[in-house]
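Proteins get letters first, then strands, A, B, ... in listed order; numbering begins at 1 in each.
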Amino acid sequence: MRLLRLTVKDFRNLSEVEVEPSVHATIAVGQNGQGKTNLLEALYYLCTLKPLRAGRLQELVRFGAGQATVTGRFLLRGAERVISVQVQDGARSVFVDGKKAASLEEYFGGVAVVAFTPDDLHVVKGGPDGRRAFLDRAVFNRFPAYLKEGRAYARALKNRNKLLKDQAEPAYLAAYDEALAQAGARVWTRRRALMEELSGRAAAAFERIGRTADPATFRYVPHGLKLPPECPFGAADEGALSAHLLQRLGARLPRDGERGYTSVGPHADDVALELGGRSARDYASQGQQRAFVLAWKVAEIENLSAALGHLPLLLLDDVSSELDPERNAYLMAYLSHSGAQVVLTTTDGSLVRAAAGEDTAWLSVRGGAVRAEGS
Amino acid sequence: MTPAPLNRLVAQLAKLPGIGEKTAQRLAFHLLRSPPEYALELSGAIQEVVAQVRLCPRCFSLAEGALCPLCTDARREDRVLCVVEGVADLLAIERTREFKGRYHVLHGVLSPLEGVGPDQLRIRELITRLGDSPVEEIIVATNPDVEGEATALYLMRLLKPMGVKVSRIAQGIPMGGDLEYADQATLARALQGRREL
(Lines give C-alpha, C1' and ligand atoms only; values in the text may rest on other atoms or scores of the structure.)
Protein backbone atom coordinates (compact mmCIF):
# COMPACT_ATOMS: atom_id res chain seq x y z
CA MET A 1 0.00 0.00 0.00
CA ARG A 2 1.11 3.55 -0.55
CA LEU A 3 -0.26 6.92 0.49
CA LEU A 4 -0.27 9.19 -2.56
CA ARG A 5 -1.85 12.30 -1.14
CA LEU A 6 -3.24 13.48 2.17
CA THR A 7 -5.77 16.28 2.56
CA VAL A 8 -6.72 17.59 6.00
CA LYS A 9 -9.41 20.15 6.69
CA ASP A 10 -10.26 21.67 10.08
CA PHE A 11 -8.66 18.86 12.05
CA ARG A 12 -7.45 20.11 15.46
CA ASN A 13 -5.34 23.21 14.65
CA LEU A 14 -4.90 22.38 10.95
CA SER A 15 -7.30 24.46 8.88
CA GLU A 16 -6.31 23.31 5.41
CA VAL A 17 -3.38 21.05 4.61
CA GLU A 18 -2.42 19.23 1.47
CA VAL A 19 0.55 16.87 1.54
CA GLU A 20 2.16 14.83 -1.20
CA PRO A 21 4.20 12.32 0.73
CA SER A 22 7.32 10.62 -0.51
CA VAL A 23 7.34 6.92 -1.39
CA HIS A 24 9.80 6.56 1.49
CA ALA A 25 10.35 9.14 4.20
CA THR A 26 8.24 12.24 4.72
CA ILE A 27 9.58 14.40 7.52
CA ALA A 28 7.59 17.16 9.19
CA VAL A 29 9.76 19.61 11.10
CA GLY A 30 8.35 22.17 13.50
CA GLN A 31 8.47 23.54 17.03
CA ASN A 32 6.15 22.13 19.68
CA GLY A 33 2.53 23.24 19.52
CA GLN A 34 2.63 24.06 15.81
CA GLY A 35 0.62 21.04 14.62
CA LYS A 36 3.15 18.29 13.76
CA THR A 37 1.45 15.71 15.93
CA ASN A 38 -1.96 16.82 14.68
CA LEU A 39 -0.85 16.10 11.13
CA LEU A 40 0.27 12.64 12.19
CA GLU A 41 -2.89 12.07 14.18
CA ALA A 42 -5.05 13.05 11.21
CA LEU A 43 -3.36 10.34 9.17
CA TYR A 44 -3.58 7.83 12.01
CA TYR A 45 -7.26 8.59 12.52
CA LEU A 46 -7.90 8.17 8.81
CA CYS A 47 -6.29 4.72 8.86
CA THR A 48 -7.69 3.40 12.15
CA LEU A 49 -10.70 5.59 13.08
CA LYS A 50 -9.14 5.89 16.52
CA PRO A 51 -7.68 9.17 17.81
CA LEU A 52 -4.07 8.89 18.98
CA ARG A 53 -4.86 10.86 22.08
CA ALA A 54 -7.82 10.17 24.33
CA GLY A 55 -10.70 12.59 24.43
CA ARG A 56 -14.06 13.26 22.87
CA LEU A 57 -14.45 12.94 19.12
CA GLN A 58 -15.64 16.53 18.80
CA GLU A 59 -12.22 17.71 20.02
CA LEU A 60 -10.82 16.62 16.66
CA VAL A 61 -12.77 19.40 14.97
CA ARG A 62 -10.88 22.70 14.73
CA PHE A 63 -12.26 25.26 17.14
CA GLY A 64 -14.89 27.36 15.37
CA ALA A 65 -15.28 24.92 12.44
CA GLY A 66 -18.34 22.73 11.80
CA GLN A 67 -16.64 19.54 10.72
CA ALA A 68 -13.23 17.98 10.32
CA THR A 69 -12.34 16.00 7.20
CA VAL A 70 -9.31 13.83 6.48
CA THR A 71 -8.94 12.34 3.01
CA GLY A 72 -6.24 10.03 1.73
CA ARG A 73 -5.55 8.79 -1.76
CA PHE A 74 -3.98 5.35 -1.49
CA LEU A 75 -2.51 2.87 -3.89
CA LEU A 76 -3.88 -0.48 -2.68
CA ARG A 77 -3.02 -3.68 -4.52
CA GLY A 78 -2.41 -1.75 -7.69
CA ALA A 79 -5.65 0.26 -7.55
CA GLU A 80 -6.07 3.88 -6.48
CA ARG A 81 -8.68 4.43 -3.81
CA VAL A 82 -9.76 7.49 -1.90
CA ILE A 83 -10.81 6.96 1.69
CA SER A 84 -12.16 9.76 3.75
CA VAL A 85 -13.42 10.34 7.28
CA GLN A 86 -15.55 13.20 8.51
CA VAL A 87 -16.23 14.22 12.10
CA GLN A 88 -19.25 16.35 12.82
CA ASP A 89 -21.37 16.80 15.97
CA GLY A 90 -19.33 14.18 17.80
CA ALA A 91 -20.01 11.48 15.19
CA ARG A 92 -17.92 10.21 12.31
CA SER A 93 -18.86 9.12 8.80
CA VAL A 94 -16.54 7.19 6.51
CA PHE A 95 -16.37 7.25 2.72
CA VAL A 96 -14.70 5.09 0.10
CA ASP A 97 -14.24 6.73 -3.30
CA GLY A 98 -16.74 9.40 -2.35
CA LYS A 99 -19.48 6.95 -1.35
CA LYS A 100 -20.48 6.22 2.22
CA ALA A 101 -18.71 2.99 3.19
CA ALA A 102 -21.13 0.11 3.73
CA SER A 103 -18.96 -1.49 6.41
CA LEU A 104 -15.76 -0.88 8.30
CA GLU A 105 -14.25 -3.89 6.55
CA GLU A 106 -14.82 -2.21 3.21
CA TYR A 107 -13.35 0.98 4.61
CA PHE A 108 -10.24 -0.58 6.10
CA GLY A 109 -9.72 -3.02 3.19
CA GLY A 110 -5.94 -3.30 3.13
CA VAL A 111 -4.89 -0.11 4.92
CA ALA A 112 -2.43 -0.92 7.70
CA VAL A 113 -0.54 1.50 9.88
CA VAL A 114 1.83 1.30 12.85
CA ALA A 115 2.26 4.42 14.98
CA PHE A 116 5.03 5.15 17.46
CA THR A 117 4.66 8.09 19.83
CA PRO A 118 6.57 9.31 22.90
CA ASP A 119 3.66 8.08 25.06
CA ASP A 120 4.46 4.55 23.92
CA LEU A 121 7.87 4.85 25.54
CA HIS A 122 6.29 5.02 28.99
CA VAL A 123 4.40 1.80 28.53
CA VAL A 124 6.94 -0.31 30.46
CA LYS A 125 6.95 1.97 33.50
CA GLY A 126 3.23 2.70 33.44
CA GLY A 127 0.22 0.73 34.63
CA PRO A 128 -1.36 -2.38 33.10
CA ASP A 129 -4.12 -0.32 31.45
CA GLY A 130 -1.51 1.41 29.30
CA ARG A 131 -0.01 -1.94 28.29
CA ARG A 132 -3.44 -3.35 27.46
CA ALA A 133 -4.23 -0.35 25.26
CA PHE A 134 -0.81 -0.72 23.62
CA LEU A 135 -1.47 -4.41 22.98
CA ASP A 136 -5.01 -3.82 21.75
CA ARG A 137 -3.81 -1.33 19.18
CA ALA A 138 -1.46 -3.97 17.80
CA VAL A 139 -4.22 -6.60 17.84
CA PHE A 140 -6.51 -4.28 15.92
CA ASN A 141 -3.80 -3.55 13.33
CA ARG A 142 -3.43 -7.26 12.74
CA PHE A 143 -7.12 -8.27 13.02
CA PRO A 144 -9.43 -5.36 12.06
CA ALA A 145 -12.49 -7.34 13.26
CA TYR A 146 -11.10 -6.81 16.77
CA LEU A 147 -12.52 -3.27 16.71
CA LYS A 148 -16.03 -4.72 16.88
CA GLU A 149 -15.12 -7.59 19.18
CA GLY A 150 -13.31 -5.40 21.68
CA ARG A 151 -16.26 -3.03 21.79
CA ALA A 152 -18.70 -5.89 22.31
CA TYR A 153 -16.65 -7.05 25.30
CA ALA A 154 -16.44 -3.53 26.76
CA ARG A 155 -20.20 -3.20 26.43
CA ALA A 156 -20.91 -6.55 28.04
CA LEU A 157 -18.55 -5.59 30.88
CA LYS A 158 -20.22 -2.22 31.49
CA ASN A 159 -23.62 -3.88 31.50
CA ARG A 160 -22.51 -6.55 33.96
CA ASN A 161 -20.90 -4.00 36.28
CA LYS A 162 -24.14 -2.04 36.26
CA LEU A 163 -26.02 -5.20 37.25
CA LEU A 164 -23.53 -5.82 40.08
CA LYS A 165 -23.99 -2.27 41.38
CA ASP A 166 -27.78 -2.56 41.12
CA GLN A 167 -27.68 -5.97 42.85
CA ALA A 168 -29.85 -7.39 40.10
CA GLU A 169 -31.60 -10.72 40.44
CA PRO A 170 -29.28 -13.74 39.90
CA ALA A 171 -31.02 -14.95 36.73
CA TYR A 172 -30.53 -11.55 35.07
CA LEU A 173 -26.87 -11.41 36.09
CA ALA A 174 -26.32 -14.97 34.89
CA ALA A 175 -27.45 -14.02 31.37
CA TYR A 176 -24.82 -11.27 31.23
CA ASP A 177 -22.18 -13.54 32.79
CA GLU A 178 -22.56 -15.80 29.80
CA ALA A 179 -22.58 -12.97 27.27
CA LEU A 180 -19.45 -11.55 28.91
CA ALA A 181 -17.72 -14.95 28.95
CA GLN A 182 -18.36 -15.42 25.22
CA ALA A 183 -17.11 -11.95 24.31
CA GLY A 184 -14.14 -12.29 26.69
CA ALA A 185 -13.01 -15.60 25.22
CA ARG A 186 -12.97 -13.98 21.80
CA VAL A 187 -10.78 -11.11 23.07
CA TRP A 188 -8.43 -13.66 24.65
CA THR A 189 -8.04 -15.72 21.50
CA ARG A 190 -7.24 -12.58 19.49
CA ARG A 191 -4.70 -11.23 21.97
CA ARG A 192 -3.16 -14.67 22.36
CA ALA A 193 -2.88 -15.11 18.59
CA LEU A 194 -1.10 -11.78 18.27
CA MET A 195 1.29 -12.50 21.14
CA GLU A 196 2.15 -15.87 19.59
CA GLU A 197 3.12 -14.13 16.36
CA LEU A 198 4.86 -11.21 17.99
CA SER A 199 6.77 -12.31 21.08
CA GLY A 200 9.51 -14.20 19.21
CA ARG A 201 10.09 -11.37 16.76
CA ALA A 202 10.16 -8.82 19.58
CA ALA A 203 12.70 -10.84 21.58
CA ALA A 204 14.91 -11.10 18.48
CA ALA A 205 14.66 -7.37 17.82
CA PHE A 206 15.55 -6.63 21.44
CA GLU A 207 18.71 -8.71 21.09
CA ARG A 208 19.92 -6.27 18.43
CA ILE A 209 19.29 -3.11 20.46
CA GLY A 210 19.18 -4.09 24.14
CA ARG A 211 23.00 -3.92 24.64
CA THR A 212 22.75 -6.68 27.25
CA ALA A 213 23.25 -10.43 27.26
CA ASP A 214 20.00 -10.91 29.17
CA PRO A 215 17.15 -12.10 26.98
CA ALA A 216 13.92 -10.13 26.85
CA THR A 217 10.55 -11.85 27.09
CA PHE A 218 7.14 -10.54 26.11
CA ARG A 219 4.32 -12.56 27.66
CA TYR A 220 0.55 -12.20 28.01
CA VAL A 221 -0.59 -12.73 31.58
CA PRO A 222 -4.26 -13.52 32.12
CA HIS A 223 -5.26 -12.45 35.59
CA GLY A 224 -7.06 -14.64 38.13
CA LEU A 225 -7.52 -17.77 36.02
CA LYS A 226 -7.27 -21.27 37.47
CA LEU A 227 -7.04 -23.37 34.35
CA PRO A 228 -6.04 -27.00 34.94
CA PRO A 229 -2.41 -27.89 34.05
CA GLU A 230 -3.53 -30.24 31.27
CA CYS A 231 -5.33 -27.34 29.59
CA PRO A 232 -3.23 -24.16 30.03
CA PHE A 233 -4.16 -20.72 28.70
CA GLY A 234 -2.02 -21.18 25.59
CA ALA A 235 -3.74 -24.41 24.59
CA ALA A 236 -7.37 -23.93 25.62
CA ASP A 237 -9.78 -23.35 22.73
CA GLU A 238 -12.27 -20.52 22.68
CA GLY A 239 -15.06 -22.66 24.10
CA ALA A 240 -12.91 -23.83 27.02
CA LEU A 241 -11.82 -20.24 27.75
CA SER A 242 -15.42 -19.08 27.71
CA ALA A 243 -16.50 -21.89 30.07
CA HIS A 244 -13.60 -21.13 32.41
CA LEU A 245 -14.29 -17.41 32.49
CA LEU A 246 -17.92 -18.15 33.29
CA GLN A 247 -16.80 -20.34 36.17
CA ARG A 248 -14.35 -17.70 37.47
CA LEU A 249 -17.03 -15.02 37.30
CA GLY A 250 -19.19 -17.24 39.49
CA ALA A 251 -16.38 -17.95 41.95
CA ARG A 252 -15.60 -14.27 42.40
CA LEU A 253 -19.20 -13.16 42.54
CA PRO A 254 -19.43 -12.67 46.31
CA ARG A 255 -16.52 -10.22 46.32
CA ASP A 256 -17.31 -8.60 42.97
CA GLY A 257 -20.93 -8.15 44.02
CA GLU A 258 -19.80 -6.20 47.06
CA ARG A 259 -17.52 -3.95 45.04
CA GLY A 260 -19.84 -3.59 42.07
CA TYR A 261 -16.98 -4.42 39.76
CA THR A 262 -15.94 -7.45 37.68
CA SER A 263 -12.44 -8.48 38.78
CA VAL A 264 -11.60 -11.19 36.24
CA GLY A 265 -11.47 -11.15 32.46
CA PRO A 266 -9.38 -9.65 29.65
CA HIS A 267 -9.86 -6.13 31.07
CA ALA A 268 -7.85 -7.14 34.15
CA ASP A 269 -4.92 -8.77 32.32
CA ASP A 270 -1.40 -7.52 31.69
CA VAL A 271 1.57 -7.98 29.40
CA ALA A 272 4.66 -9.06 31.32
CA LEU A 273 7.91 -7.59 30.03
CA GLU A 274 10.91 -9.29 31.55
CA LEU A 275 14.67 -8.93 31.20
CA GLY A 276 16.62 -12.04 32.19
CA GLY A 277 13.54 -13.29 34.03
CA ARG A 278 13.12 -10.12 36.09
CA SER A 279 10.49 -7.44 35.69
CA ALA A 280 11.67 -4.81 33.21
CA ARG A 281 9.57 -2.26 35.02
CA ASP A 282 11.63 -2.66 38.20
CA TYR A 283 15.05 -3.78 36.96
CA ALA A 284 15.68 -2.49 33.42
CA SER A 285 17.36 0.86 32.85
CA GLN A 286 15.41 3.62 31.15
CA GLY A 287 17.31 2.99 27.92
CA GLN A 288 16.53 -0.72 28.10
CA GLN A 289 12.87 -0.01 28.80
CA ARG A 290 12.73 2.09 25.66
CA ALA A 291 14.46 -0.71 23.77
CA PHE A 292 11.56 -2.98 24.83
CA VAL A 293 9.08 -0.63 23.18
CA LEU A 294 11.26 -0.13 20.12
CA ALA A 295 11.66 -3.92 19.76
CA TRP A 296 7.90 -4.37 20.06
CA LYS A 297 7.25 -1.83 17.31
CA VAL A 298 9.85 -3.35 15.00
CA ALA A 299 8.25 -6.76 15.64
CA GLU A 300 4.84 -5.32 14.84
CA ILE A 301 6.07 -3.93 11.53
CA GLU A 302 7.75 -7.21 10.56
CA ASN A 303 4.73 -9.23 11.63
CA LEU A 304 2.24 -7.12 9.71
CA SER A 305 4.42 -7.20 6.65
CA ALA A 306 4.64 -11.01 6.87
CA ALA A 307 0.88 -11.36 7.38
CA LEU A 308 -0.24 -8.83 4.75
CA GLY A 309 2.49 -9.35 2.18
CA HIS A 310 3.32 -5.64 2.22
CA LEU A 311 4.76 -3.16 4.69
CA PRO A 312 2.40 -1.07 6.79
CA LEU A 313 2.53 2.72 6.73
CA LEU A 314 4.70 3.90 9.62
CA LEU A 315 4.01 7.01 11.68
CA LEU A 316 6.60 8.25 14.17
CA ASP A 317 5.86 11.22 16.34
CA ASP A 318 8.96 12.94 17.67
CA VAL A 319 10.43 9.67 18.91
CA SER A 320 14.04 10.42 18.09
CA SER A 321 14.44 13.07 20.76
CA GLU A 322 13.42 10.46 23.35
CA LEU A 323 15.92 7.80 22.30
CA ASP A 324 19.64 7.76 23.00
CA PRO A 325 21.83 8.43 19.93
CA GLU A 326 22.76 4.79 19.34
CA ARG A 327 19.20 3.46 19.49
CA ASN A 328 17.96 6.36 17.43
CA ALA A 329 20.61 5.53 14.83
CA TYR A 330 19.41 1.91 14.82
CA LEU A 331 15.81 3.00 14.31
CA MET A 332 16.70 5.43 11.52
CA ALA A 333 18.81 2.81 9.74
CA TYR A 334 16.01 0.27 10.17
CA LEU A 335 13.48 2.64 8.64
CA SER A 336 15.65 3.53 5.68
CA HIS A 337 16.50 -0.16 4.97
CA SER A 338 12.96 -1.44 5.42
CA GLY A 339 11.77 0.40 2.33
CA ALA A 340 8.56 1.27 4.17
CA GLN A 341 6.64 4.48 3.65
CA VAL A 342 7.24 6.54 6.79
CA VAL A 343 5.91 9.82 8.09
CA LEU A 344 8.09 11.30 10.86
CA THR A 345 7.77 14.41 12.93
CA THR A 346 10.61 16.08 14.76
CA THR A 347 11.61 19.36 16.32
CA ASP A 348 15.13 18.90 15.01
CA GLY A 349 15.69 17.70 11.46
CA SER A 350 19.26 16.59 12.17
CA LEU A 351 18.00 13.82 14.50
CA VAL A 352 16.24 11.99 11.70
CA ARG A 353 18.55 12.81 8.79
CA ALA A 354 19.81 9.21 8.78
CA ALA A 355 16.35 8.02 7.78
CA ALA A 356 16.16 10.56 4.97
CA GLY A 357 17.28 10.00 1.41
CA GLU A 358 17.28 11.70 -1.97
CA ASP A 359 13.53 11.27 -2.28
CA THR A 360 12.57 12.51 1.19
CA ALA A 361 9.74 15.02 1.33
CA TRP A 362 10.57 17.70 3.91
CA LEU A 363 7.66 19.62 5.39
CA SER A 364 7.70 22.54 7.74
CA VAL A 365 4.85 22.95 10.20
CA ARG A 366 4.09 26.33 11.69
CA GLY A 367 0.94 27.67 13.32
CA GLY A 368 -1.28 25.01 11.82
CA ALA A 369 0.08 25.46 8.29
CA VAL A 370 2.15 22.85 6.48
CA ARG A 371 4.55 23.82 3.72
CA ALA A 372 6.76 21.71 1.45
CA GLU A 373 10.43 22.62 1.95
CA GLY A 374 13.47 22.67 -0.25
CA SER A 375 12.96 20.66 -3.40
CA MET B 1 -39.64 36.10 11.31
CA THR B 2 -41.67 33.06 10.15
CA PRO B 3 -45.27 32.68 11.40
CA ALA B 4 -45.63 30.88 14.75
CA PRO B 5 -47.67 27.92 13.38
CA LEU B 6 -44.89 27.20 10.90
CA ASN B 7 -42.30 27.34 13.68
CA ARG B 8 -44.37 24.90 15.72
CA LEU B 9 -44.55 22.48 12.79
CA VAL B 10 -40.80 22.69 12.19
CA ALA B 11 -40.13 22.07 15.87
CA GLN B 12 -42.37 18.97 15.87
CA LEU B 13 -40.87 17.58 12.66
CA ALA B 14 -37.34 18.11 13.96
CA LYS B 15 -38.13 15.75 16.86
CA LEU B 16 -38.48 12.84 14.41
CA PRO B 17 -35.50 10.45 14.28
CA GLY B 18 -33.05 11.25 11.50
CA ILE B 19 -34.58 14.67 10.86
CA GLY B 20 -32.52 17.76 11.60
CA GLU B 21 -33.58 21.38 11.81
CA LYS B 22 -32.90 22.08 8.14
CA THR B 23 -34.72 19.00 6.84
CA ALA B 24 -37.65 19.80 9.13
CA GLN B 25 -37.82 23.24 7.59
CA ARG B 26 -37.74 21.81 4.07
CA LEU B 27 -40.54 19.37 4.91
CA ALA B 28 -42.63 22.11 6.44
CA PHE B 29 -42.24 24.30 3.35
CA HIS B 30 -43.12 21.32 1.20
CA LEU B 31 -46.35 20.78 3.17
CA LEU B 32 -47.17 24.45 2.85
CA ARG B 33 -46.68 24.41 -0.91
CA SER B 34 -48.62 21.14 -1.49
CA PRO B 35 -52.38 21.14 -2.07
CA PRO B 36 -54.17 21.54 1.28
CA GLU B 37 -55.80 18.09 0.89
CA TYR B 38 -52.44 16.44 1.23
CA ALA B 39 -51.68 18.07 4.57
CA LEU B 40 -55.15 17.18 5.85
CA GLU B 41 -54.77 13.57 4.76
CA LEU B 42 -51.40 13.36 6.44
CA SER B 43 -52.66 14.76 9.71
CA GLY B 44 -55.69 12.48 9.49
CA ALA B 45 -53.44 9.46 8.99
CA ILE B 46 -51.39 10.41 12.01
CA GLN B 47 -54.49 10.78 14.16
CA GLU B 48 -55.89 7.44 12.97
CA VAL B 49 -52.67 5.64 13.77
CA VAL B 50 -52.64 7.05 17.27
CA ALA B 51 -56.33 6.36 17.86
CA GLN B 52 -56.71 2.95 16.26
CA VAL B 53 -53.41 1.05 16.32
CA ARG B 54 -52.88 -0.87 19.55
CA LEU B 55 -50.55 -3.56 20.74
CA CYS B 56 -52.02 -7.02 20.35
CA PRO B 57 -52.72 -8.26 23.90
CA ARG B 58 -51.38 -11.72 23.02
CA CYS B 59 -48.21 -11.25 20.94
CA PHE B 60 -47.67 -7.49 21.40
CA SER B 61 -47.30 -6.88 17.71
CA LEU B 62 -49.41 -4.12 16.19
CA ALA B 63 -53.16 -4.65 15.94
CA GLU B 64 -56.24 -2.79 14.85
CA GLY B 65 -59.03 -3.98 17.12
CA ALA B 66 -58.72 -6.88 19.57
CA LEU B 67 -56.12 -9.42 18.37
CA CYS B 68 -53.65 -8.96 15.51
CA PRO B 69 -54.14 -10.87 12.23
CA LEU B 70 -51.19 -13.14 13.00
CA CYS B 71 -52.77 -14.28 16.26
CA THR B 72 -56.21 -14.87 14.75
CA ASP B 73 -55.01 -16.63 11.58
CA ALA B 74 -56.14 -20.25 12.08
CA ARG B 75 -53.69 -21.55 9.47
CA ARG B 76 -50.66 -20.75 11.60
CA GLU B 77 -49.10 -23.27 13.92
CA ASP B 78 -49.55 -22.82 17.65
CA ARG B 79 -46.67 -25.19 18.48
CA VAL B 80 -43.83 -22.87 17.38
CA LEU B 81 -43.29 -19.38 18.74
CA CYS B 82 -40.70 -16.90 17.48
CA VAL B 83 -39.50 -14.27 19.97
CA VAL B 84 -38.29 -11.01 18.43
CA GLU B 85 -37.02 -7.65 19.74
CA GLY B 86 -39.37 -5.41 17.79
CA VAL B 87 -42.12 -5.25 15.21
CA ALA B 88 -39.61 -4.46 12.45
CA ASP B 89 -37.89 -7.82 13.13
CA LEU B 90 -41.25 -9.61 12.97
CA LEU B 91 -41.91 -8.03 9.57
CA ALA B 92 -38.47 -9.07 8.34
CA ILE B 93 -39.13 -12.70 9.27
CA GLU B 94 -42.63 -12.57 7.80
CA ARG B 95 -41.19 -11.42 4.48
CA THR B 96 -39.31 -14.72 4.19
CA ARG B 97 -42.65 -16.61 4.20
CA GLU B 98 -40.73 -19.47 5.75
CA PHE B 99 -42.05 -19.25 9.25
CA LYS B 100 -45.55 -20.56 9.88
CA GLY B 101 -45.74 -20.26 13.67
CA ARG B 102 -46.78 -17.42 15.96
CA TYR B 103 -44.77 -14.49 17.29
CA HIS B 104 -44.02 -12.73 20.53
CA VAL B 105 -42.61 -9.21 20.50
CA LEU B 106 -40.45 -8.24 23.50
CA HIS B 107 -40.26 -4.52 22.68
CA GLY B 108 -36.58 -4.21 23.46
CA VAL B 109 -33.65 -6.15 24.87
CA LEU B 110 -32.15 -6.47 28.33
CA SER B 111 -29.81 -3.53 28.66
CA PRO B 112 -28.73 -2.55 32.17
CA LEU B 113 -26.91 0.52 30.84
CA GLU B 114 -30.13 1.84 29.31
CA GLY B 115 -32.13 0.86 32.37
CA VAL B 116 -34.09 -1.86 30.57
CA GLY B 117 -34.58 -4.95 32.75
CA PRO B 118 -36.84 -8.02 32.47
CA ASP B 119 -39.78 -6.07 33.89
CA GLN B 120 -39.62 -3.51 31.10
CA LEU B 121 -39.94 -6.20 28.42
CA ARG B 122 -42.93 -8.40 27.60
CA ILE B 123 -41.33 -11.40 29.28
CA ARG B 124 -43.89 -11.98 32.01
CA GLU B 125 -46.57 -11.93 29.33
CA LEU B 126 -44.62 -14.55 27.40
CA ILE B 127 -44.56 -16.86 30.42
CA THR B 128 -48.27 -16.38 31.03
CA ARG B 129 -48.94 -17.09 27.39
CA LEU B 130 -47.04 -20.38 27.54
CA GLY B 131 -49.27 -21.51 30.39
CA ASP B 132 -52.39 -21.60 28.26
CA SER B 133 -51.18 -22.48 24.76
CA PRO B 134 -49.68 -25.64 23.29
CA VAL B 135 -46.23 -24.18 22.47
CA GLU B 136 -43.53 -26.85 22.02
CA GLU B 137 -40.65 -24.84 20.60
CA ILE B 138 -39.52 -21.26 21.06
CA ILE B 139 -37.14 -19.71 18.55
CA VAL B 140 -35.24 -16.76 20.01
CA ALA B 141 -34.53 -14.34 17.17
CA THR B 142 -32.95 -11.41 19.00
CA ASN B 143 -30.02 -9.64 17.32
CA PRO B 144 -26.55 -11.19 17.57
CA ASP B 145 -25.07 -8.28 19.56
CA VAL B 146 -24.18 -8.29 23.27
CA GLU B 147 -27.63 -7.25 24.49
CA GLY B 148 -29.49 -9.55 22.10
CA GLU B 149 -27.27 -12.44 23.11
CA ALA B 150 -27.76 -11.77 26.84
CA THR B 151 -31.52 -11.56 26.33
CA ALA B 152 -31.50 -14.89 24.48
CA LEU B 153 -29.49 -16.49 27.31
CA TYR B 154 -31.87 -15.06 29.89
CA LEU B 155 -34.89 -16.46 28.06
CA MET B 156 -33.21 -19.82 27.61
CA ARG B 157 -32.58 -20.17 31.34
CA LEU B 158 -36.12 -19.11 32.08
CA LEU B 159 -37.90 -21.26 29.51
CA LYS B 160 -35.91 -24.51 29.49
CA PRO B 161 -37.10 -25.56 32.98
CA MET B 162 -40.69 -25.18 31.75
CA GLY B 163 -40.13 -28.17 29.50
CA VAL B 164 -40.25 -26.29 26.23
CA LYS B 165 -37.63 -26.62 23.50
CA VAL B 166 -35.65 -23.39 23.08
CA SER B 167 -33.57 -22.66 19.96
CA ARG B 168 -31.53 -19.71 18.75
CA ILE B 169 -31.38 -18.54 15.14
CA ALA B 170 -28.10 -19.41 13.44
CA GLN B 171 -25.43 -16.84 12.61
CA GLY B 172 -23.13 -16.83 9.64
CA ILE B 173 -22.51 -15.86 6.06
CA PRO B 174 -25.43 -14.13 4.31
CA MET B 175 -26.95 -15.99 1.36
CA GLY B 176 -25.57 -14.91 -1.96
CA GLY B 177 -22.77 -13.22 -0.05
CA ASP B 178 -19.16 -13.70 -0.96
CA LEU B 179 -16.87 -15.16 1.67
CA GLU B 180 -14.33 -12.65 0.52
CA TYR B 181 -16.54 -9.77 1.59
CA ALA B 182 -17.88 -11.19 4.85
CA ASP B 183 -16.62 -9.32 7.89
CA GLN B 184 -14.18 -11.28 10.01
CA ALA B 185 -16.35 -11.51 13.11
CA THR B 186 -19.17 -13.06 11.07
CA LEU B 187 -16.80 -15.38 9.27
CA ALA B 188 -15.31 -16.51 12.59
CA ARG B 189 -18.81 -17.21 13.95
CA ALA B 190 -19.75 -19.08 10.80
CA LEU B 191 -16.66 -21.28 11.10
CA GLN B 192 -17.49 -22.05 14.71
CA GLY B 193 -21.05 -22.97 13.81
CA ARG B 194 -20.05 -25.18 10.88
CA ARG B 195 -21.95 -28.42 10.26
CA GLU B 196 -20.96 -31.76 8.87
CA LEU B 197 -22.09 -32.56 5.35
Side-chain angles (χ1 to χ4, degrees), chain A residues 88-89 91 101-110 139-140 142-187 189-190 193 237-239 242 246 260, chain B residues 14 17-18 20-22 83 106 108-121 123-124 127 140 142-162 166 168 171 173-174 177-194:
Chain A
Q88 187 172 17
D89 302 326
S103 68
L104 289 178
E105 280 73 22
E106 186 201 356
Y107 177 81
F108 287 128
V139 178
F140 161 75
R142 175 70 179 86
F143 310 108
Y146 189 63
L147 186 70
K148 239 190 237 172
E149 295 164 347
R151 278 191 191 156
Y153 178 73
R155 227 182 133 66
L157 181 64
K158 270 195 202 161
N159 271 315
R160 183 176 190 265
N161 286 344
K162 180 80 168 59
L163 289 178
L164 289 174
K165 283 194 192 94
D166 294 348
Q167 304 186 325
E169 51 153 327
Y172 192 3
L173 186 66
Y176 263 97
D177 282 0
E178 240 177 291
L180 184 73
Q182 283 175 9
R186 171 45 57 92
V187 169
T189 51
R190 293 290 196 200
D237 66 16
E238 195 171 328
S242 170
L246 190 63
Chain B
E21 198 71 25
K22 267 188 201 153
V83 178
L106 293 174
V109 274
L110 295 176
S111 172
L113 288 174
E114 320 256 312
V116 180
D119 296 339
Q120 277 76 46
L121 304 179
I123 291 177
R124 204 177 308 115
I127 306 295
V140 183
T142 51
N143 282 318
D145 53 14
V146 167
E147 284 83 0
E149 209 57 53
T151 307
L153 291 162
Y154 181 82
L155 289 176
M156 189 197 70
R157 285 162 175 270
L158 198 64
L159 300 171
K160 273 257 172 80
M162 299 177 69
V166 185
R168 179 93 173 97
Q171 298 167 7
I173 308 300
D178 248 316
L179 280 190
E180 193 187 341
Y181 296 118
D183 73 87
Q184 295 182 33
T186 304
L187 203 51
R189 272 287 174 99
L191 276 172
Q192 266 177 18
R194 67 186 181 273

Side chain Gln120(B), main chain Gly117(B), donor-acceptor under 3.5 Å
yes
Heavy-atom contact with chain A under 4.5 Å, split by part of Thr151(B):
neither
Only heavy atoms, only distances under 4.5 angstrom. Which residues in residues 159-167 of chain A are near chain B?
Asn159(A), Lys162(A), Leu163(A)
Do the side chains of Val140(B) and Val166(B) get nearer than 4.5 Å, heavy atoms only?
yes
Are the side chains of Ile127(B) and Leu159(B) in touch, meaning some heavy atoms are under 4.5 Å apart?
yes
Among all residues two or more places apart in sequence or in another chain, which pass the salt bridge (Lys or Arg N to Asp or Glu O under 4.0 Å) test with Glu114(B)?
Arg155(A)
Using atom types as modelled and distance alone, determine if a side-chain donor or acceptor of Tyr153(A) lies under 3.5 Å from a backbone N or O of Arg186(A).
no
Quick check on Ala183(A) against chain B: is it the side chain, the backbone, both or neither that has a heavy atom closer than 4.5 Å?
neither
From the list Glu149(B), Glu147(B), Arg168(B), side chain to side chain donor-acceptor pair (under 3.5 Å) with Thr142(B) holds only for Arg168(B)
Asp145(B) and Val109(B): CA distance, side-chain angles, deciding distance, side-chain contact (heavy atoms from CB on, under 4.5 Å) verdict:
CA-CA 10 Å; Asp145(B) 53 14; Val109(B) 274; 5.7 Å; no
